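Read through the structure below, which is laid out as structure tokens, and then see the notes.
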Amino acid sequence: MPEIAEVETVRNTLKKRLLKKRIVDVKILYPQMMESNVDEFKKNVVNQEFVDIKRRGKWLIFELDNYYLISHLRMEGKYFIKEHDEEINKHEHVIFQLDDGYDLRYHDTRKFGRMRLITKDMLDTCEEIQKQGYEPMDDKLTGEYLLSKFKNKRLPIKTVLLDQTIISGLGNIYADEVLFKSQINPLRTAASITLDEANKIITSSKSIIEMAIKLGGTTIRSYTSSLGVTGHYQDYLCVHKQENKPCPNCGTLIKRIKVNGRSTYYCENCQK
DNA sequence: AGTGCGACCCGAACGC
DNA sequence: TGCGTTCGGGTCGCAC
């Protein structure tokens, strides 16, 4: 599932293939995922060229001549580049036909992803984008900032790390890994986190995201006809999806619990 | 304001 | 084997 590192990898990969390409047609096969009016979307996106690809948290932002195409991959959204005459897969929901004989195809088995076209001046007022908190690599993310956000929260710290308005980009996997590296029990309330621990959360997030981006970069599968992203970070996970495996620190078997409905993995010995 | 929970989806995993 | 059921994951919107 794409978290910040995967979205960054998608961004870097697509950038190499898409810049200066022009959209000559678009097919929307699953209109429910389109938050813009479908007819307007088609009308406006056709004949636009890809100028840049940006990212904010888990949002991908395709910069076109006159618009931003903003796209959230949610759980399983992927972009593929395929030759235009290749058969359409049943999970391909939006097909952008490019001027070079290829398509950019949005593929999403769960149909959870969303996309929308906005004019350039709308980005500053686009709520989903603007309400994102600081990203792990942002210097503005400080222990003091986190404490001010955690102050009145009685929710488990694990749940609060998934709140994109505080730290932008962490998902269920990295939240578990960050808490393990910070040696913090996922069930602790956010309000109970000390300044020291908040700083640990920040340094852990930075190093984990940095490594994940590097791994994503080295493990891209790029075929001649398509281009998906399968990072290899899963080979380096300490706790997430590691139930009943030994903790890399102390050997205690990793526990799996539910925290506010989400699977959560941790070492009960290391994370008090 | 903070919190809790259902809805959105459907393939995979599980239970019988 | 084949069926039915449950689960999961990010985010939103609504109720409390």
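What you see is a predicted model, and the numbers here were worked out from it, not measured in a lab. Order of the sequence lines sets the chain letters (A, B, ...), proteins ahead of strands, with each chain counted from 1.
Taking only side-chain atoms of His72(A), from C-beta outward, the nucleotide of dT11(C), dC9(B), dC12(C) with the closest atom is dT11(C). Checking dT11(C), dG11(B), dG9(C) against every side-chain atom of Gln164(A), the shortest atom distance belongs to dT11(C). Taking only side-chain atoms of Glu128(A), from C-beta outward, the nucleotide of dT11(C), dC12(C), dG9(C) with the closest atom is dC12(C). Comparing atom distances between the Lys241(A) side chain and each of dC12(C), dC9(B), dG9(C) picks out dG9(C) as nearest.
Protein atom CD of Gln32(A) is 9 Å distant from nucleotide atom P of dC10(B), rounded to whole Å. Going from atom CE of Met75(A) over to atom P of dC10(B) covers 14 Å, rounded to whole Å. Summarising the geometry, the separation between CG on Asp163(A) and P on dA1(B) is reported as 15 Å, rounded to the nearest angstrom. Atoms CZ (Arg116(A)) and P (dT11(C)) sit 14 Å apart, rounded to a whole Å. Rounded to whole Å, the distance from NE2 on His91(A) to C1' on dG11(B) is 8 Å. Remark: C1' of dG11(B) and NE2 of His107(A) are 12 Å apart, rounded to the nearest angstrom. Protein atom CD1 of Ile167(A) is 13 Å distant from nucleotide atom P of dT11(C), rounded to whole Å. We find that CG of Leu162(A) is positioned 10 Å from P of dG9(C), with the value rounded to whole Å.
Using modelled atom types, one finds no donor on one side chain facing an acceptor on the other under 3.5 Å when comparing His93(A) with Asp108(A).
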Distance-only donor-acceptor pairs under 3.5 Å for side chains of residues 132-143 of chain A, two or more places apart:
residue: Gln132(A); atom: OE1; partner: Ser168(A); partner atom: OG; Å: 2.7
residue: Gln132(A); atom: NE2; partner: Glu128(A); partner atom: O; Å: 3.2
residue: Glu135(A); atom: OE1; partner: Arg55(A); partner atom: NH1; Å: 3.2
residue: Glu135(A); atom: OE1; partner: Arg55(A); partner atom: NH2; Å: 3.0
residue: Glu135(A); atom: OE2; partner: Arg55(A); partner atom: NH1; Å: 3.3
residue: Glu135(A); atom: OE2; partner: Arg56(A); partner atom: NH1; Å: 3.2
residue: Glu135(A); atom: OE2; partner: Gly57(A); partner atom: N; Å: 2.7
residue: Asp138(A); atom: OD1; partner: Lys140(A); partner atom: N; Å: 2.8
residue: Thr142(A); atom: OG1; partner: Tyr145(A); partner atom: N; Å: 3.1

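Nearer to the 5' terminus of DNA chain C, by closest-nucleotide assignment, is the contact made by Arg110(A) (compared with the other of Arg110(A) and Gln132(A)).
As judged by a 4.0 angstrom heavy-atom cut-off over every strand, Gly171(A) is placed among residues touching the sugar-phosphate backbone only. As judged by a 4.0 angstrom heavy-atom cut-off over every strand, His93(A) is placed among residues making no nucleic acid contact.
Heavy atoms from other residues, nucleotides or ligands lying under 6.0 Å from NZ of Lys206(A) number more than 12.
Taking the side-chain hydrogen bond (donor to acceptor under 3.5 Å, both in side chains) definition, one finds that Thr252(A) meets it with nothing, sequence neighbours left out. Checked against ring-ring contact (aromatic ring centres under 6.0 Å, His included), Tyr174(A) has the following partners two or more places apart in sequence or in another chain: Tyr233(A). Applying the ring-ring contact (aromatic ring centres under 6.0 Å, His included) test to Tyr68(A) and every residue at least two apart in sequence or in another chain returns nothing. Scored by the ring-ring contact (aromatic ring centres under 6.0 Å, His included) test, Phe50(A) finds Phe62(A) as partners (sequence neighbours excluded). Not a single ring-ring contact (aromatic ring centres under 6.0 Å, His included) links Tyr236(A) to another residue, sequence neighbours left out. Not counting sequence neighbours, Lys58(A) has no partner by the side-chain hydrogen bond (donor to acceptor under 3.5 Å, both in side chains) test.
Put simply, Ser263(A) has no side-chain N or O that comes within less than 4.0 Å of OP1 or OP2 on dC7(C). In terms of phosphate contacts, Lys131(A) brings no side-chain nitrogen or oxygen within less than 4.0 Å of OP1 or OP2 of dT11(C).
Pairs of Watson-Crick or G-U wobble type, with distances under 3.5 Å, assemble into runs of 3 or more in DNA chain C at these ranges: B:2-16 with C:2-16.
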Scan nucleotides 2-8 of chain B against the protein and return all N/O pairs shorter than 3.5 Å with their distances rounded to 0.1 Å.
residue: dT3(B); atom: OP1; partner: Arg154(A); partner atom: N; Å: 2.5

Show the numbers, then the answer: is there a side chain to side chain contact (heavy atoms under 4.5 Å, CB included) between Phe96(A) and Asp103(A)? CA-CA 5 Å; Phe96(A) 298 91; Asp103(A) 286 347; over 6 Å; no
